[in-house]
Amino acid sequence: MTDLPKAYTPREVEGAIYERWLAADVFAPDGVGSTADPDLPPFTLIQPPPNVTGSLHLGHAQRTTVEDLMVRHARMRGHAALFLPGLDHAGIAAQFVLDRMLAKEGESRQTLGRERYLERMRTFSDSTRHVMLAQQRRVGASADWGRLRYTMDDGSAHAVRVAFERLYRDGLAYRTEALISWCPGCRTSVSDLEVVPTPETGTLWSVRYHLIDEATGRPVPASDPDATITVATTRPETILGDTAVAVHPDDERYRHLVGRRVRIPFVERDVPIIVDDVVDPAFGTGAVKITPAHDVDDHATGLRHGLPTPTILADDATIENTGTPFDGLDRYEARRRLVAELDARGDLAGERPHEMIVGRCQRSNDVLEPRLKTQWFIRTESMAARALDATRSGRTRILPERFERTWEHWLTNIRDWNVSRQLWWGHRIPAWYCPLGHVTVSAEADGPAACATCGRPAAELAQDPDVFDTWFSSGLWPFSTLGWPNDTDDLRRYYPTSVMETGYDIIFFWVARMMMLGLQLTDQAPFHTVYLSGLIRDPEGRKMSKTKGNVVDPLGVIDESGADALRFAVVHGAAAGQDQRFGPAKLENARNFANKLWNATRFVVGARPASIDPDGERQPPDPRQLGPAERWMLSRANATVDAVDRAMADYAFGEVTRLLYDAIWNEFCDWGLEFAKVRLADDELEEATREGTWWALVEALDTYLRLLHPVMPFVTEALWAAIPHRSSDPALLIVARWPGAGPRDAGLEAELDAVIGLVRGVRNARAEAGIEPRAWLPTEVSVPAPMGPTFEVLRPAIERLTHARPLQRRLTREALGDGAQPVAGGALSVISGELEAIVHRPTDTADPAAGAAERARLERELGEAERHLSAARARLANDEFMAKAPDAVVAGARARETALAEQVDRLRDRLDATGGTQGTGGTGGTGGETA
RNA sequence: GGGCGGUUAGCUCAGUCGGUCAGAGCGCCUCGCUUACACCGAGGAUGUCACUGGUUCGAGUCCAGUACCGCCCACCA
């Protein structure tokens, strides 16, 4: 046993504890401190790797907590529990951060060049990775740091190459020119998921295109009724890339123009008027300009009609290749000038504000441009089908279940995944091109020796300059971290993993891709359960973000309130998939709870009978030495074990903390300790009895510390060190065994409920009557014979808790009131279950008004009891209820009716007695009215 | 345009199988420094479980619809 400081100071407690865990090597499932049961299957949780260049925010802390609590729980249950930590290189996100830093130095990707840029990135990420890892340790992550992985380490690099090669070999990776979303700021393509549809008010311009006289090849004269056709656009600069004008096939207005040609202004290109179903005749003019290289719909239209696809936007979104003066201008400058020029020519038919959805870059917020690029794609159809099969068959379960519908919808409508990124930071795509255009994909670290098609030597091959979408390497995470593609011991032992915990916001980005790639490459679903956490929001319910300035730094919170409080706060009252607001109140509540636990333990430790060796082995409480309160306490602890087990099995972590908070605070501390105090201080009891009482406290406390450990690991570990252990216990709580649910004693629990109810009732009555709390008042209690022994053992505690002196026990209700002289002003009556008490008031504080107040109180209680009683009776009088409700429910209703009737009866009696002694004439009080 | 979630005490939220489910924390009010804890203890007040209808012996809970708030998905220039 170790001493506990008087005050609970999280900083001191937590710092020392983590070092002890590390020293004991208990985090690794195969570490020297592991106590795993070899007969149980392992439990594997691969951490969603946080961005290496990021900083830990509250969301990370919350996820780490949930992950860690699952791991700790599994570990205590005896499973070899692997919590594999990691970091993500976060391709585009990291580049975005570094680019901004470089910009402040007047540098850029271009000025540095690829090699120096990547060198800077490595230096930068090396400096931030330590911060990220240290933060996780502060939160208490019991991760196996020896297995720490990084999406840019050699193992991941190898996995990425092999995975891609296999996908290519199986026809699931292909290279093609396609319309992709391009971010001019990041200078890369982004996936559909990274496009943020943003509502904006733009402008819809109407532009006249001049028809061409086929005979002369010149524009038809303005006098001709069909001199022009008017099209509408929100992006006039794309006019420069137009290769057709389309109308709906059924549109009578334009039918006669179909097949004619119009001249695209500035580029002076003559393009056909075509028909296509994509056109909505009701929108705008019903005629649509077609820009196949810069619009999704137009691209599809272009493909259907075999239209040319001139690209007019450069990587930086300046105009290019148009042969017009607009070349070299930024897209928006070009737009302005182009509109002005059209207006000057008289070809601007109109402009009006237009509500529209603009695609913006998730990272840089730039407006994205659809454009053609030759990129690598992953064919998703077959993999998505397998992923759906895994969830439909139940091999993988998504929690909360409602997200399975989202999952279904997305995977059934999935499009091929563009994995090429024109970034530098990431895994280079292992594809080489020979001068003849042959493609060679190779998993070799040094690339292929020769072109796979024509045999040209490596020296003549050029590797694809692009890198993979960062989610490609993340998608391999559950198995690449365990050694895949090598057939390692870890992979065999820990794969498939048990639970994947992550935020619901990346279910598509990440979970779906892990699932697809895992099934494709390992033939197994990578995890059996997906636990989706909700998002942490600020106290106003807003998403936390740096730009809003409402981010909470978890380290600040930990410094102030402790990691245990933070962990408890983010778990307490939270439900899977449900966002939660986080504010100071929750945190304070959690810290208070830790403090409560600390002080309760300090009391137990300090209350040790001198006859017990502080350094001795823990003794099981001797049942013969236990009083009803101690047996009740142990029964309740068993009940809590049972309830917590059920909640854990349901992944209802908020329920777990609620159960423990209630059990520890409202049962163990409020009643268990209070009853025990009296008993431990009772010199009349035998030494063995006091010892038994203390061992019972230790037993219950030990159980609660174990149950609470996964959520509040530091404080429980520290406190556990202060209580005696069993010979079978390990040195540290983190590897101690999860408690088993022992027997309950329902009858005893009911008796204690009555006793506790009586104490509460007496306190309540005394408080309402305005009686000095410290005044000792003569109190009588009628106790049915079966409860006699319990009452007698608890008598000293009841005396103390109710300030009753003398406390006299009566065998029947009728006997109440005989033991002391009723005094003017009346006595207080309290009914709790089968117990009934009368508190006699001191003469000097009694007055007629007090009697009236007591009557009012009793009448209020009577009224309430009568309402409940009549409701219960109405139920029993309902034939259909009697006929159709289950027997157990009917029996319960009968019992309730009996109890309520009894209570009403007693309250009436007490009211009569109170009225009678008061002598104010109101002797017949039946509770109908309140004075 | 589809889909999902939320609506329960002044605030933030739990509420699993339909039957002691009207709950917690915070806040508020009244007391109290009783030898674990003032980061505490004792007591108290506060509800049309958003609305409408339905199923059921019985609905905060299941079904349908409505309203408001929020999120996700979606190629209308």
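Just the heavy atoms: all of them, side chains too, but no hydrogens, waters or symmetry mates, feed the values below.
Across every strand in view, B:G5 sits in a pair with B:C69 that passes the Watson-Crick or G-U test at under 3.5 angstrom. When both pairing distances are held under 3.5 Å, B:U20 makes no Watson-Crick or G-U pair with any nucleotide shown. Pair assignment for B:C40 gives B:G32, based on Watson-Crick or G-U wobble hydrogen-bonding distances that are each under 3.5 Å. Applying the Watson-Crick and G-U wobble criteria (two distances, each under 3.5 Å), B:C75 pairs with nothing in any strand. Under the Watson-Crick or G-U wobble criterion, with both distances below 3.5 Å, B:C11 is paired with B:G25. When Watson-Crick and G-U wobble pairs are counted only if both distances are under 3.5 Å, B:A45 pairs with no nucleotide at all. The base-pairing partner of B:G53, taking Watson-Crick or G-U wobble contacts with both distances under 3.5 Å, is B:C63.
Put simply, the residue from A:L399, A:D505, A:T406, A:I398 that forms a side chain to side chain contact (heavy atoms under 4.5 Å, CB included) with A:L532 is A:I398.
Rounding to whole angstrom units, CD1 of residue A:I507 and P of B:G5 are separated by 14 Å. Atom CG in A:D505 sits roughly 9 Å away from atom P in B:C72 (whole-Å rounding). Rounded to whole Å, atom P of B:G6 lies 12 Å from atom OH of A:Y504. In this structure, the CD atom of A:E408 is 18 Å from the C1' atom of B:A74, given to the nearest Å. A:E194 places its CD atom 12 Å from the P atom of B:C73, with the value rounded to the nearest Å. Distance CG (A:L673) to P (B:G41): 11 Å, rounded to an integer number of Å. The nearest whole Å value for the distance from the CZ atom in A:F403 to the P atom in B:C4 is 12 Å. Rounded to a whole Å, the CZ atom of A:R402 is 14 Å from the P atom of B:C72.
Remark on RNA chain B: of its neighbouring residues A:R405 and A:Y661, the 5'-side contact belongs to A:R405, judged by nearest-heavy-atom nucleotide. Checking A:F508 against A:V278, the closest nucleotide of RNA chain B that is more toward the 5' end is the one next to A:F508.
Comparing B:A50 with B:U61, their P atoms are spaced 8 Å from each other, to the whole Å. Taking atom C1' in both B:U7 and B:C13, the straight-line distance is 12 Å, to the nearest Å. B:C11 and B:C75 have their C1' atoms separated by 44 Å, with the value rounded to a whole Å. A gap of 22 Å separates the C1' atoms of B:C17 and B:A24, to the nearest Å. Comparing the C1' positions of B:G27 and B:U34 gives a spacing of 27 Å, expressed to the nearest Å. For the C1' atom pair drawn from B:G47 and B:A22, the interatomic distance equals 8 Å after rounding to whole Å. Comparing the C1' positions of B:A64 and B:U56 gives a spacing of 16 Å, expressed to the nearest Å. Comparing B:G15 with B:C71, their P atoms sit 22 Å apart, to the nearest whole Å.
Applying the 4.0 Å criterion to OP1 and OP2 of B:A77, one finds that A:H354 has a side-chain N or O inside that range.
A ring-centre distance under 6.0 Å is not found for A:H572 and A:F582. Side-chain rings of A:F653 and A:Y531 approach one another, their centers coming within less than 6.0 Å. Checked against a 6.0 Å centroid threshold, the rings of A:W665 and A:Y661 count as neighbours.
In terms of heavy atoms, A:P5 sits closest to A:R602 at O-CD, 3.3 Å. Across A:I558 and A:A563, no two heavy atoms sit closer than the pair CG2-N, 3.7 Å.
Of the listed nucleotides (B:A36, B:C4, B:C73), B:C73 has the atom at the smallest distance from the side chain of A:L193. Proximity note for A:N764 (side chain, C-beta onward) versus B:G44, B:A77, B:A36: the nearest is B:G44.
Judged by distance alone, with hydrogens and angles left aside, A:R896 brings a side-chain donor or acceptor within reach of the base of B:U20, the pair sitting under 3.5 Å.
Residue A:T693 holds its OG1 atom at 5.5 Å from CG of A:L680, rounded to the nearest 0.5 Å.
A salt bridge does not link A:R805 to A:E799: none of the charged side-chain nitrogens sits closer than 4.0 Å to a carboxylate oxygen. Residues A:D662 and A:R658 are paired through a salt bridge, judged by an N-O separation under 4.0 Å between the basic side chain and the carboxylate.
No donor-acceptor contact under 3.5 angstrom links the side chains of A:D280 and A:H248, judged on distance only.
Using cut-offs of 30° and 60° on the angle between ring planes, the pair A:W410 and A:F508 is parallel.
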Original post:
Are A:R208 and A:T230 close enough, and set up right, to give a side-chain hydrogen bond (donor to acceptor under 3.5 Å, both in side chains), and what steps lead you there?
Top reply: CA-CA 4 Å; A:R208 292 188 198 95; A:T230 305; 4.7 Å; no

**OP:** Determine, for nucleotides 13-19 of chain B in 5'-to-3' order, which nucleotides have protein heavy atoms under 4.0 Å from the base (write B), from only the sugar-phosphate (write S), or from neither (write -).
**Re:** SS-B--B

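In this structure, A:D297 reaches the bases: a heavy-atom distance under 4.0 Å links it to at least one base atom across the strands shown.
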Collect all protein-nucleotide pairs involving nucleotides 37-40 of chain B in which both atoms are nitrogen or oxygen and the distance is under 3.5 Å.
| unit_1 | atom_1 | unit_2 | atom_2 | d |
| --- | --- | --- | --- | --- |
| B:C37 | OP1 | A:K6 | NZ | 3.4 |
| B:C37 | O4' | A:N599 | OD1 | 3.2 |
| B:C37 | O4' | A:N599 | ND2 | 3.4 |
| B:C37 | O2' | A:N595 | OD1 | 3.1 |
| B:C37 | O2' | A:N599 | ND2 | 3.3 |
| B:C37 | O2 | A:K596 | NZ | 3.1 |
| B:C37 | N3 | A:K596 | NZ | 2.9 |
| B:C39 | O4' | A:N592 | OD1 | 3.1 |
| B:C39 | O2' | A:N595 | OD1 | 2.7 |
| B:C39 | O2 | A:R591 | NE | 3.3 |
| B:C40 | OP1 | A:N592 | ND2 | 3.1 |
| B:C40 | O3' | A:K596 | NZ | 3.2 |

